[in-house]
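Keep in mind it's a predicted model, so treat the numbers as computed, not measured. Counting starts at 1 for both ligands and their atoms, following the listed order. The chain is numbered in sequence order, starting from 1.
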Amino acid sequence: MDNSSLFSQEVLLYITFGLVLIVALLVLVVAFYVLQVMKTLLEKNRTEAQQLAEQAQPSWFAQQWMKWNALKPLADEETILLDHDFDGIQELDNHLPPWWKGLFYLTIVYAVVYILVFHVFESSPLQEEEYAIEMAEAAAEKAKRVEDVVYDFDETTVTVTTEPEAIASGMEFFNGNCAICHKADGGGLAGPNLTDEYWRNGGGMKNIYKVIKNGVQGTAMIPWESRLNPDQMRGLASYVLTLQGTNPPGALPPDGELYKEEEEQ
Ligand code: HEC
């Protein structure tokens, strides 16, 4: 995971989902209110008979709306009219909408649960503790990964491996990735002949490993370090060395300088 991101992807997913849900709910509520306002405006244009007919038989939806908002039908408005009057301005004693009160009670219940879980029984860690736990977990994971990739050699100390598996996978990689330039038999094409004792960058295990790892800057020989781990590069370099002296037909002429194996030790 990216070190710069504080949240795990899972948490980000939850946050995104929550936000989308909230926005969707808000859109719904706004749409609902707009519909309601339009309805009120339309109401004025309808005949009294139509209105009466509807009041006698309100739809299920209208009933729910009245119920959850604790609305009084216009006809019953006098029952909640407060008895003061200020220059003809009067006030209705409307209740808070039950849906709003329900939400409010829910927050109280939630607060109680929250206090019990986080502060009384401490069954879940608070944010600072949770952060510390996650950091410790990440550190442990990182330590494990670093352990995995500690190699006890680099290009200055690498030695030939004779492990058949390492050589075999080296050959496989060579045929799939290197043969286009060096030919499958190592005779050379766009890249030099790898079967003779003449090398542009020095022969022997350490030099070959170094060329595979770092490439040769400014040439078609790119670094392969990002594609292969040190073990794989060692197997590959060892495979390249097995091509020494095979003298394949049609090989490119010697290129570079004669390299003597003794020089390496
Ligand atoms: C796109 C072509 C290309 C590919 C693919 C390629 N090489 Fe090379 N390679 C070159 C060229 C060109 C050189 C010569 C660089 C120079 O001028 O020193 C070279 C040089 C080398 C050398 C050093 C030769 C010397 O004389 O010093 C080795 C070893 C080598 N390549 C191995 C490999 C291996 C192993 C692979 C596959 C992982 C590979 N190359 C893939 C083009 C390629």
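A distance of 9.5 Å separates CG in Asp93 from OG1 in Thr79, rounded to the nearest 0.5 Å. A distance of 7.0 Å separates CD in Gln244 from CG in Asp196, rounded to the nearest 0.5 Å. Annotation: the span from Leu243 atom CG to Phe174 atom CZ amounts to 6.0 Å, rounded to 0.5 Å.
In the hydrophobic cluster analysis, where Ile, Leu, Val, Met, Phe, Trp and Tyr join through side-chain heavy atoms closer than 4.5 angstrom, Tyr110 is grouped together with Leu126.
Within a 6.0 Å sphere centred on OH of Tyr14, other residues, nucleotides and ligands contribute 12 heavy atoms or fewer. Atom CD of Gln90 sits in a crowded spot, with more than 12 heavy atoms from other residues, nucleotides or ligands closer than 6.0 Å. More than 12 heavy atoms of other residues, nucleotides or ligands lie within 6.0 Å of NZ in Lys213, so this atom counts as buried by the packing criterion. For Glu197, the CD atom is loosely surrounded, since the number of other residues' heavy atoms within 6.0 Å does not exceed 12. For Phe118, the CZ atom is densely surrounded, since the number of other residues' heavy atoms within 6.0 Å is greater than 12.
Closest protein heavy atom to atom 5 (C) of ligand 1: Asn177 O, 3.3 Å. Atom 15 (C) of ligand 1 has as its closest protein heavy atom Thr219 OG1, 3.6 Å. The nearest protein atom to atom 17 (O) of ligand 1, hydrogens excluded, is given as Arg200 NH1, 2.6 Å; this is a heavy-atom distance.
The distance from ligand 1 to the heavy atoms of Phe173 drops below 4.0 Å at these ligand atoms: 38 (C). Ligand 1 places these atoms under 4.0 Å from at least one heavy atom of Ile208: 29 (C).
Of the N or O atoms in Tyr198, none lie within a sub-3.5 Å distance of an N or O in ligand 1.
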**OP:** Carefully, step by step, assess Thr159 and Phe153 under the rule side chain to side chain contact (heavy atoms under 4.5 Å, CB included).
**Re:** CA-CA 8 Å; Thr159 52; Phe153 63 87; over 6 Å; no
Original post:
Can you list the steps and then say if Gln36 with Trp65 is a side chain to side chain contact (heavy atoms under 4.5 Å, CB included)?
Top reply: CA-CA 10 Å; Gln36 211 54 31; Trp65 179 255; 3.5 Å; yes
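Close to ligand 1: Ala190, with a non-hydrogen atom less than 4.0 angstrom away. Between Tyr239 and ligand 1 there is no heavy-atom distance shorter than 4.0 Å.
Within the 4.0 Å heavy-atom criterion, the part of Leu236 lying near ligand 1 is the side chain and not the backbone. If you look at Trp199 next to ligand 1, the close heavy atoms, those under 4.0 Å, come from the backbone and the side chain alike. With a heavy-atom cut-off of 4.0 Å, Asn201 touches ligand 1 through backbone and side chain alike.
At a cut-off of 2.8 Å, measuring from atom 8 (Fe) of ligand 1, the protein N, O or S atoms that fall short of it are His182 NE2, Met221 SD, waters left aside.
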